[in-house]
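Here is the structure we will look at, set down as structure tokens.
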Amino acid sequence: MMKRIGLLFSLSGTISIVGEGQLQAALLAIEEINRSSPLTFDPLVGDDRSDPREAAKQAYSLFTEGKVDVLVGCYMSSVRNSVISALDETGGLLLYPTLYEGEQVHPNVFYLGAVPNQQVEPLLCWTFHNMSSNFVLVGSDYVYPRSSNRQVRRWVENGGGKVLLESYFPLGCTDFDKFFGDLRKLTKPHASAVIFSTLVGTSVPAFYTEVRRNGFSLPVVSPLTSEREMSLIGSEASSGHIVASPYFQTLDTVANRKFVEAFRLRFGNQPINREMMTTYGAMHLLAAAYERASAVPYGSTEAIKMRTVLKDLCFHGPQGKVIMDPATQHLWQWCHIGRINQEGLVDIVWSSPGPIPPRHDDPHPGITVLREDKESGWHKPSAPIGVNPRFLECVRMAQIAGKTSCNVLITGETGTGKGLLARYIHLISTRAVKPFEEISCPSIPRDLMESELHGYEGGAFTGARKTGKPGKFELGNGGTVFLDEIGEMPPDLQAHLLRVIEDKQIYRIGGTKAASVDIRFIAATNRNLSREMGKGGSFRRDLFYRLSVFHIHLPRLCERIEDIAALADHFLRICNSRAGMRKSFAPETLKLLEEYDWPGNVRELANVVERSFHLSLDSSRIRPDHLPEQICLHNTDGGVGARESASRRGERQDIAGKPPDGVERPNEIDRRRPPGPLDFSEGRLPKLEEVEEEIIRQALEKSWFNLSEAARLLGIGRSTLYRKLKRYSAERRPWPE
Ligand code: ACM
């Protein structure tokens, strides 16, 4: 199978520093793919000359004359934006490999670079904490630096920092004399301040050289500067500055070592940067997608099939595991912060504990979960429960799905809350005033399923009601039909369902006319349907794709340890309000709840809380002895349960980048207490501030530099945290270390 692929890079002009490397990385990947798979890529290369107008022309010509379906490339946001009209007109796709300002979701673009919460925010926060809260903003004069700096300014000022100066330079500018003159008037060359740079292209090496030539020792901090630009200046001008990226050439992963070696073998000892790695990864991503797209049974064009498949891909690239967020078509990204060393490479000083999901809404959405009320059914979401990033991501996707009428597939273990999420999606949608019809697939008798779903006319069969009966589809018309445990649906009924979804028509048994229906289907299962599809499998592939326009996979409760206490409190509140009581958990009880494995997930937790509530009789405290035995015994003496628990946490932590399997968490009750009498003799204890600073540092890292979350973990207000951060950063020696 031969596929033409469009490559659109800046091979001339100011961005060619990066563009030439991207082309080489793309060609390397294409050679690898053409050697090792039945697929052959035939690349058509365009040069956008670092100019948005030229990019628009080239893109249009690649899609129409070149007949490509997919384009990989574009660096500057202005170039990406100019290409969008070609995407709209031709239906082609763009894989965009560059960090950008966020706030864009175009259905034909897959955003492979970072958005602000994945790179810029962690970098700012690290800088605030480790260097200074005084910022000088410099950028090239186009859309990305200006919109990014709007966010940076807000972030810095909200945090109690200062923006001393904000300057923009024309693309390709290499003369910074006036800027350094202005800066000298404002601040001393060795002051506690950082220069935050969103300069691009040939301006980058020129600027870094000028910083030192003008006698400034301020660090330049940049989410854009890469190994590529650094290679063009000597080590004196480049070393010590700070950069952030999902990828550095020095990243120590097996896949990266292979990539760097292959690149060097092919193109010699050149610096490799994130756009090159992303472009290389994009080609392999496309190869995998083309292979899968051939199995997609619907979709009128290749690009539409590719879009369906690309949304669902998750792969291991040189940067580590990469997950595509299907709702926004952005990647989860690692964030590494590093200091440039004498060789122009990067020594990593901080890494996110795992890939960070892309965030589009600001402020961070609170998560809300439905509340059960026996009298009035299910309420609209109210109390925010859950801060676990994977869970938040599920809710965010549910919120996006809620705004559409697309079908949704919710997967996850029994008890993880699939039914609740389905109702939540229904309630926040415009269908909320219409019915929510629930069908439990395993509990409808096999021979009645058709009449249950489609209904029947009077006298259609022996025993049928005279007046006939509407089926679940008819009852759910205009609203949502929830198909619980869809994996249990027999194959012939799957075919029926597929027809209803596709034709939007139902036929009552014994009837002669079809009736039109407008239904959103939400299906749920605890089975891995993708393993049960295909030849000999029990689930229809075409139905799976029809149902999983949005696919939300709910994490197990043991993968959301940080949410257990809040959920337990929530269930306890329900018990309290029913009984008119005000019970609370003893701290040791909550600890035990957090350490248990919860094979039955949230549902098991709800049951345990209710049982303990009743067992505690008149006591106002729910103590450990009110909990079921398996929970109390679970962690005593680091028994089997404890080890299993640690290892299950390890699975979660693999994703979140926390300690690997087998590394047990220290007992947190003990950790909070000093190990014994303290030794107060001179110099034996760390200073209180040092301990505080270390606790803050760890809270920031655990929260991926989300200040609100860090403040919550620390049990202090945001403004207190800002004040402390500011104090520690001011006390630190600014630069260089
Ligand atoms: C950019 O313009 N997105 C770097």
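Quantities reported herein were computed from a predicted structural model and do not represent experimental measurements. Both counts, for ligands and for their atoms, begin at 1 and track the order of listing. Note that the numbering runs from 1 along the sequence shown for the chain.
Between V136 and F196, every side-chain heavy-atom pair lies at or beyond the 4.5 Å cut-off. Using a 4.5 Å heavy-atom threshold, the side chains of L345 and I340 count as separate.
Heavy-atom contacts from other residues, nucleotides or ligands closer than 6.0 Å to CZ of R53 number 12 or fewer.
The closest donor-acceptor contact from the side chain of H241 to the backbone of V220 lies under 3.5 Å.
Around ligand 1 you find Y75, M76, S77, Y96, T98, L99, Y100, Y142, Y144, L224, each with a heavy-atom distance below 4.0 Å.
When each of H330, R80, Q104 is tested with Y111 by the rule side chain to side chain donor-acceptor pair (under 3.5 Å), just one qualifies, namely Q104.
For the residue pair Y247 / Q249, no side-chain donor-acceptor distance below 3.5 Å is found, with atom types taken as modelled.
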